[in-house]
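Working notes for the structure below.
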There are 2 protein chains.
Amino acid sequence: MDTVDVFAALASPVRRELIHLLLDGAHSVNDLASHFEMRRPSVSEHLKVLRDAGLVSEQRSGRHRLYRLEAGPLMELSQWLSPYERFWRERLTGLRELVDEAGEDESEGRT
Amino acid sequence: MDTVDVFAALASPVRRELIHLLLDGAHSVNDLASHFEMRRPSVSEHLKVLRDAGLVSEQRSGRHRLYRLEAGPLMELSQWLSPYERFWRERLTGLRELVDEAGEDESEGRT
DNA sequence: ACCATATGTAGGGAATTCCCTACCGGTCAA
DNA sequence: TTGACCGGTAGGGAATTCCCTACATATGGT
């Protein structure tokens, strides 16, 4: 049972597209595979990586397996990102000051 | 000048550690390399990947090169993440309802 | 000029990734 | 049961990654 790092799992554009496709609900493997140029077994392998990273879960239903998005690892990613937020907030603050200087008519308050 | 995908750049634990080290300001390559087991040229190569991804910038200062964190790509990552936020917000809402239900039966208590 | 320091680059080798073609088992329908 | 369909797995090959040891280049100090 290899446990896969969520960053490594998201490093592939194919896998990012896969979880994007799952935003509107669960899909079968064939359904997902139809969105790619590559062969179905390759998509299957990408799904395995996503499973090992906890990013998707499968639910068997007849001969289909429905894959659905799992939020946990993405939430962890968001938490990982939080220490860096101040960096771009500072940048946005700088931009905002420029904007404010350019047009001092409008004022709005939101942080 | 290869332009590197920010997800691919962050796929390496070493590179994530590098940008983490840059949270408290700019550092030289030797300074950064001293935090790792690996040899300095390897750290240099990791820094090149981060540069190509726009995650760090370098500023030459004498014979040193100071690397500093650049927020842009991380902000894009945060934006990429936003469509998925509702997934874990739903989960947290569910958790909160559970907590609230449990809390109605008991008076407050902490160990 | 000479030498030490700071860092990038070349080239190579082991490991990993990513895609492929076969193939296998499970499920449904006739 | 037979056959069509769904989807995982095996094995292989090309490309990429990741680390290494040399080496190159540039700057500063003496």
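Naming: A, B, ... by sequence-line order, numbering from 1 per chain. The shown structure was predicted, so the numbers you read here are calculated from the model rather than taken from an experiment.
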With a 3.5 Å distance limit and no angle check, can you tell me whether A/S61 reaches the backbone of A/H64 through a side-chain donor-acceptor pair?
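No; judged by distance alone, with no hydrogens or angles, the pair does not exist.
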Using atom types as modelled and distance alone, determine if a side-chain donor or acceptor of B/R40 lies under 3.5 Å from a backbone N or O of B/L32.
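Absent.
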Rounded to whole angstrom units, what separation is found between the [atom1] atom of [X] and the [atom2] atom of [N]?
X     : N      : atom1 : atom2 : answer
B/Q59 : C/dG8  : CD    : P     : 14 Å
A/F7  : D/dT17 : CZ    : P     : 18 Å
B/R65 : C/dT5  : CZ    : P     : 18 Å
B/E58 : C/dT9  : CD    : C1'   : 14 Å
A/D52 : D/dT9  : CG    : C1'   : 14 Å
A/K48 : D/dT9  : NZ    : P     : 6 Å
B/L10 : D/dC18 : CG    : C1'   : 17 Å
A/L18 : D/dG7  : CG    : P     : 13 Å

Base, sugar-phosphate or nothing for B/R15? Non-hydrogen atoms, less than 4.0 Å.
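Sugar-phosphate only.
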What I want to check is whether the side chains of B/N30 and B/H27 have a donor and an acceptor closer together than 3.5 Å.
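Note: B/N30 and B/H27 side chains miss the donor-acceptor criterion.
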For B/R68 and B/Q59, test the side chains for any donor-to-acceptor distance below 3.5 angstrom and give the result as yes or no.
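Side-chain D/A pair, B/R68 to B/Q59: present.
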Picking from D/dG8, D/dC6, C/dT7, which would you name as closest to the side chain of A/H64?
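Shortest atom-to-atom distance from the side chain points to D/dC6.
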Can you tell me if the side-chain N/O atoms of B/Y67 get under 4.0 Å from OP1 or OP2 in C/dG8?
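Yes.
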From CH2 (B/W88) to CD (A/Q79), nearest 0.5 Å:
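Those atoms lie 8.5 Å apart.
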Could you state the interatomic distance from OG (B/S78) to CD (A/E85), rounded to the nearest 0.5 Å?
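Here the interatomic distance stands at 6.0 Å.
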Contact list for DNA chain D against residues 20-36 of chain A - heavy-atom distance below 4.0 Å
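Per residue number, the list reads A/S28, A/V29, A/N30.
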Closest non-hydrogen atom pair, B/L18 against B/F36
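Closest heavy-atom pair between B/L18 and B/F36: CD2-CE1, 3.7 Å.
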Could you give me the CA-CA distance, side-chain angles and deciding distance for B/R60 and B/E58, then say whether salt bridge (charged side-chain N to carboxylate O under 4.0 Å, His left out) is met?
CA-CA 6 Å; B/R60 283 158 217 237; B/E58 70 168 26; 2.9 Å; yes
For the side-chain contact (heavy atoms from CB on, under 4.5 Å) test, which of B/V56, B/L10, B/V4 pairs with B/V49?
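One option only clears the test, and that one is B/V4.
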Which letters describe nucleotides 19-30 of chain C, given B = protein heavy atom under 4.0 Å from base, S = only from sugar-phosphate, - = neither?
BBBB----BB--
